[in-house]
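Written below as C-alpha cells is the structure these notes are about.
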Amino acid sequence: VSIGVVIKGLLDEAGISYKQSGKSFITACPRCFKRDKVYIRKTDGRFVCWVCKETEGFSGAPEWVLTELLHLPVQELRRLLYGDQEYKAALYIDLNLTDFFDADDDIPVSIDVLPAVEPDPGFRELDSPAGEAGRNYLLSRGVPLEIAKEYGIKAWPAKNRIVFPCMNKGKLLGWQDRYIGPTKYFDEEAQLVVTIPKALTSYGLQKDRVLLFGDRITGDHAILTEGPFDAIKAHLCGGNVCTMGKAVSKRQLTLLRMSGIRKLYLALDPDAFEESARILIEMSSDMDIYDMRPPEKYEDIGAMPMEEVRDLMRNAQKVDRNFLFLYLKDHYDYLAS
Ligand SMILES: [Zn+2]
C-alpha cells in the first residue's frame, strides 16, 4: 500500500475535507487555519503549508501535519505510514516544492520569506593570499583548510575576522564572525584597556529562526551545538548544526522536528544544562535524545579533537524525560532517576 493511499484513508476516516490535484492532497492548515494552503504530496507524503513554511518551518514528513490535523500521536502515525520498514529520514531542505503541482496548478505565493543578503565585498577565500591569517587561525583551532571550505568559511582581512556563512536552501541569510586577533589591548592614547567583541552576527540575521549549517542534516540524526566551532568539531558525526547562542528557540526546535530526524544529540555547553533539560522535555516524545556533553576536561565541544567528538557521539547515553542535567560550579555530572 502506497503512502498516498494510507494518507487518503486517514483523512477520509477523520472526515477532513480536502481537494486533490494529480500530485497532492490539498487541505486547510491546522496552524494558520487558511484554506487550501497545506499540500501533501501523494508519492512520499511530504507536506508544506505555503504560509507557515516560512514563518514556522511547517513542512516536511507527513506525520507532523497529520498529528495536528487528526490529533493522533506521532508514533502511531509513523506505524501506520511506514509500517515496520526502516523509517526513511528526509531532508527538509530537499523538498522540491514544484513537485507538489501539476503543470496547470496555480502555485501559491508564500509570504514572509527569510531575506537573502549579499556577502560583504571584503570577504576573501581562505586559500587566497589574503586568507592566510584566517587559515592559520582556523588551523590553530583544529580546523584544517579543506574542512573549513566545506562549511563555506571566509576570511575577512579588513576586519581581522573569519566568517561563518548562514546558508539556508542555498541562500545566504547572513553570517556570524570571529575576531582572530587578541580581543583585549591597551590603548596608549586613551589610557584604556579596549575589548573587541569576539563574535558578531551580521545585521538583520534572525538567528533564532535558522540553524547554522542546517543544510548538513541529511540523515536520521542531528548534533545540536552552541557555537560554530562546536558544530565543526562534530564534523565526523554528520548532521552537526549550531544554534548561534545559548538560547535554543522554539522555531529552531521546530526546524529539527521537521527535518525528519529520529535522534537528537545534545552537545550544548555544560552550563546550558537548563536549556538541555528543557529540550529533553519538549523533544523526547518525538525522537530519541542523547547526552553528548563534553567530558569534564573540556570546556566545550569546540575544544575537542574531531575524532574524540566522533567517539563521544558513539558512546553517548540515551536519556529519558527523568534524566537530570546537573551542572555544579566548574564541573558537572548527571543522575539518572
Ligand atoms: Zn499554515
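Quick note: numbers below take in every heavy atom, side chains included, and nothing from hydrogens, waters or symmetry partners. Sequential numbering from 1 along the given sequence is applied to the chain's residues. Counting starts at 1 for both ligands and their atoms, in listed order.
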List the residues meeting salt bridge (charged side-chain N to carboxylate O under 4.0 Å, His left out) with Asp208, not counting sequence neighbours, and say none if there are none.
none
Name all residues meeting the side-chain contact (heavy atoms from CB on, under 4.5 Å) criterion together with Gln75; count only those two or more places apart in sequence or in a different chain, and write none if there are none.
Arg78, Arg262
Please check if the distance between the ring centroids of Phe47 and Phe25 is under 6.0 Å.
no
Transitive ILVMFWY cluster of Ile281 at side-chain heavy atoms under 4.5 Å: who else is in it?
none
Do the side chain of Asn160 and the main chain of Ile180 share a donor and acceptor less than 3.5 angstrom apart?
no
Pair Glu226, Thr243: side-chain N/O donor-acceptor within cut-off below 3.5 Å:
no
Closer than 2.8 Å to the Zn ion (ligand 1), what protein N/O/S atoms do you find?
Cys29 SG, Cys32 SG, Cys49 SG, Cys52 SG
